[in-house]
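Only one structure is covered here, and it is reproduced in the block below.
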Amino acid sequence: MKMRNKEAVKKLLGLLKDYRKIIALIIACLLISTGLNMCIPLLNRGIMDYGFIGGDKELLIKQVICSLLIYMIIAVIDIIKEKKRVDISANIQYSLSEQSFKHLMKIKADYFTNRNYAEILNNINVDIGNMTSIADEGVFFVVTQAFSMVGGIIGLFILDYRMTLMVLLFIPVKAVIMKHFAKKRKRIMDEFITESEKYAGWFGDTVGGVREVKLFGMLENKRAEFADRQLSVINKQKKMNMLAQWNGITDNIIVHLLTSLIYIIGANLVFDMQLSVGSVFAFITYSAYVTGPISAILNIGYLLSGIIPSTKRYYEFMALEEEKENEEGMTEPCFGDLELQNLSFSYEKDKAVLSDINIAFPKGSKTVLIGRNGSGKSTLISLLLQLYQPTGGKITLNGIDISEFVLREYRNMVSVVSQEIYLFNSSIRDNICMYKNIDDKTIMEACKDSGLADFISEVSLDYVVGQNGAMLSGGQKQKIALARALVHNSPVIIFDEATSNTDVYSEHQINGLLHTKLKEKTVIIITHKQEILKEADQIIMLKDGVVVGSGVYDHLSKDNLEFKNMLKMGEKY
């Protein structure tokens, strides 16, 4: 659901509510500095009229020293004020980053289906950067600028009411101009965010496929795409930068035009002996106190026009549905029979991936899932892991719907060894232990059982594997994944095409584990290899999202034509 502008503004202001005491301190500092600033033009008038023109040297020195002291006090107050403002800005940035990270870790798996990591990171960073600017000086102190404005207007009326009215006439002129710039900037910012998102998605996709770019000689094509997409982003950025320049230049022209009129009208009043020279200069200073805050106040729309689009996208992202933790559920799921009851699932409406699946995984059983690509095997595993929620039916553990368990407690019961295992850019030990305190003896025993011991003897457990195991072969990555599953000693082990990159020796080793370390565990395997099929207690055949047969190897290999065809075409499954 799209967020409205008013709601986005409310969310932005809500970022400041936890800092009310600090904001009160900042406002107090601003009140003091504003009051002190009000004295400066009057002191300058005395310096000009009585010091320089009147020839009173002693008074001139006293007032100059007084002005210097006031400036020093204001400087100290500004340092205190700015430190507090910077703290608020940093805290808001951290808070938004922390919230988005936590949400990203809990968000449903289907969010990542059509997005790559570069696109996600870019969107979050851009949005947080823009939203944090709510604590920038230009936005954060817009309300407090009113103090300077009020003080400036009072000072103007004290000096001359006629020129004061002239200054006030400039307010509606600036309002119209600033509104025009704000409207234009919002449109360009919306376009910039859209183009940046497209570029980030393309960039992540291209870097992810860099191997194919090299192998198929697509470098020049990708360069052309880069030029087109990046120039589109840069052109939008240039338009925003130029708009900011035009905004600033227009503001300066108006201020200088006002100053020029003050000089001309003030000169006539001086010549007619109705105003002193010092009063004219004081008037110019007070007019700056009025026009400066006016610029800031009228520019708030201009500044918000760049922040609001990011705010809307950020909170739309934060509103995406998370996995249900069910913290009040049963905290200790008990190892037992797993069962799929009338299970159905679809990624899109009217397009079922799984339909009316009924499978029992008895406690301690060894089950193999076999079927063509796209038959629903991996989707079924994702449902067992609660990465997706079924659209129909349920999955039970000991007769209890798994959705009733605390999610992390349920997942602690399951270890997965998959074809596309992800390894963090850390040591082999870290990737096996996964932040759990496991002694080296247990780790080495698991490495021996997984076939990784010889490699460990060459490099050690502290060997850094690189980004997603870039320093390892596919077989070594899967051996680490197997060792990880063994040391965590979960009662349910899932092998999702885990033998695809292993050699014959390692495959025999895994088969041996089914009768030793994994003998008492429930093991679910997706594979097409006959050596493992022969060891299974049951084989479940999937085709187009439905179960088309089940049994043991000897029975199916004799009587089931579909099973024989799957074995013949085994490399495709």
| request: Report the C-alpha separation of Ser418 and Ile421 in whole Å, then their side-chain angles, then the decisive distance to 0.1 Å, and conclude whether the side-chain contact (heavy atoms from CB on, under 4.5 Å) test is met. | output: CA-CA 5 Å; Ser418 67; Ile421 191 73; 4.1 Å; yes

| task | Might you work through the salt bridge (Lys or Arg N to Asp or Glu O under 4.0 Å) test for Glu220 and Arg223, ending with a clear yes or no? | result | CA-CA 5 Å; Glu220 292 303 319; Arg223 279 178 178 170; 2.8 Å; yes

| said: Walk me through whether Ile359 and Val547 qualify under side-chain contact (heavy atoms from CB on, under 4.5 Å). | reply: CA-CA 9 Å; Ile359 304 174; Val547 175; 4.2 Å; yes

| said: Let's go through Lys517 and Asp449 carefully: what are the C-alpha distance in whole Å and the side-chain angles of both, what is the deciding distance for salt bridge (Lys or Arg N to Asp or Glu O under 4.0 Å) to 0.1 Å, and is it a yes or a no? | reply: CA-CA 9 Å; Lys517 294 292 178 65; Asp449 290 333; 2.4 Å; yes

| task | Step by step, work out the side-chain hydrogen bond (donor to acceptor under 3.5 Å, both in side chains) result for Tyr347 and Thr379. | result | CA-CA 10 Å; Tyr347 293 102; Thr379 301; 3.1 Å; yes

| task | For Lys479 and Leu472, run side-chain contact (heavy atoms from CB on, under 4.5 Å): C-alpha distance rounded to whole Å, both residues' side-chain angles, the deciding distance at 0.1 Å, then the answer. | result | CA-CA 10 Å; Lys479 288 173 183 177; Leu472 305 174; over 6 Å; no

| Could you go step by step and tell me if Leu518 and Leu486 meet the side-chain contact (heavy atoms from CB on, under 4.5 Å) rule? | CA-CA 9 Å; Leu518 306 180; Leu486 292 172; 3.9 Å; yes

| task | Might you work through the side-chain hydrogen bond (donor to acceptor under 3.5 Å, both in side chains) test for Asn130 and Ser310, ending with a clear yes or no? | result | CA-CA 6 Å; Asn130 287 335; Ser310 283; 2.7 Å; yes

| task | Apply side-chain hydrogen bond (donor to acceptor under 3.5 Å, both in side chains) to the pair Tyr553 and Gln530, showing each step before the final yes or no. | result | CA-CA 9 Å; Tyr553 179 83; Gln530 294 186 48; 2.7 Å; yes

| Ser232 and Asn235: CA distance, side-chain angles, deciding distance, side-chain hydrogen bond (donor to acceptor under 3.5 Å, both in side chains) verdict | CA-CA 5 Å; Ser232 180; Asn235 286 335; over 6 Å; no

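When all heavy atoms of Ser346 and Thr391 are compared, the pair lying nearest together is N-OG1, 3.6 Å. Across Asn431 and Ser426, no two heavy atoms sit closer than the pair ND2-O, 3.7 Å. The minimum heavy-atom distance between Ile526 and Ile381, with the atom names listed, is CD1-CG1, 3.6 Å. The minimum heavy-atom distance linking Ser365 with Pro362 is given by the pair OG-O, 2.6 Å. The two residues Leu15 and Tyr19 have their closest heavy-atom pair at O-CE1, 3.4 Å. Nearest heavy atoms, Lys198 versus Arg229: O-NH1, 4.1 Å.
Below 30°, between 30° and 60°, or above 60°: for Phe226 and Trp202 the angle between ring planes is between 30° and 60°, a tilted geometry. Classified by interplanar angle (parallel below 30°, tilted 30° to 60°, perpendicular above 60°), the ring pair Tyr388/Phe345 is tilted.
Gln93 and Ser97 form no side-chain donor-acceptor contact under 3.5 Å, judged by distance and modelled atom types alone. Between the side chains of Lys534 and Asn511, not a single donor N or O lies within less than 3.5 Å of an accepting N or O.
In Tyr111, the OH atom is crowded: over 12 heavy atoms of neighbouring residues, nucleotides or ligands sit closer than 6.0 Å. Counting heavy-atom neighbours within 6.0 Å of Phe203 CZ, excluding the residue itself, gives a total of 12 or less.
Paired with Thr522 under the rule side-chain contact (heavy atoms from CB on, under 4.5 Å), one option of Val492, Ile493, Thr367, Val414 passes, and it is Val492.
Here the side chains of Val368 and Ile540 are not in contact, with every heavy-atom distance at 4.5 Å or above. Looking at heavy atoms from C-beta onward, Glu323 lies in side-chain contact with Leu407 at the 4.5 angstrom threshold. Between Leu320 and His103, some side-chain heavy-atom pair lies under the 4.5 Å cut-off. Residues Phe424 and Asp430 form no side-chain contact, since every pair of their non-hydrogen atoms from C-beta on lies 4.5 Å or further apart. For the pair Tyr199 and Asn122, the minimum side-chain heavy-atom distance is 4.5 Å or more.
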Acceptor/donor pairs from residues 334-344 side chains to any protein atom, 3.5 angstrom cut, sequence neighbours excluded:
residue	atom	partner	partner atom	Å
Asp337	OD1	Lys363	N	2.7
Asn342	OD1	Asn358	ND2	3.3
Ser344	OG	Asp356	N	3.1

Expected list for residues 456-467: side-chain donor-acceptor pairs under 3.5 angstrom, two or more places apart:
residue	atom	partner	partner atom	Å
Ser457	OG	Asp454	O	2.5
Ser460	OG	Asp462	N	3.2
Asp462	OD1	Arg429	NH1	2.3
Gln467	NE2	Tyr422	OH	2.9

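A salt bridge between Arg313 and Glu197 is present, with a side-chain N of the basic residue lying under 4.0 Å from a carboxylate O of the acidic one. Remark: Lys108 engages Glu321 in a salt bridge, criterion side-chain N to carboxylate O under 4.0 Å. Between Glu191 and Arg187 there is a salt bridge, with a side-chain nitrogen of the basic residue lying less than 4.0 Å from a carboxylate oxygen of the acidic one. Using a cut-off of 4.0 Å between Lys/Arg side-chain N and Asp/Glu carboxylate O, Glu225 and Lys222 are scored as salt-bridged.
Applying the side-chain contact (heavy atoms from CB on, under 4.5 Å) criterion to Glu98, with sequence neighbours excluded, gives Tyr94, Lys102.
The backbone N or O of Thr396 lies less than 3.5 Å from no partner atom in the side chain of Asp401, so there is not a single donor-acceptor pair. A donor-acceptor contact shorter than 3.5 Å is absent between the side chain of Gln99 and the backbone of Leu96.
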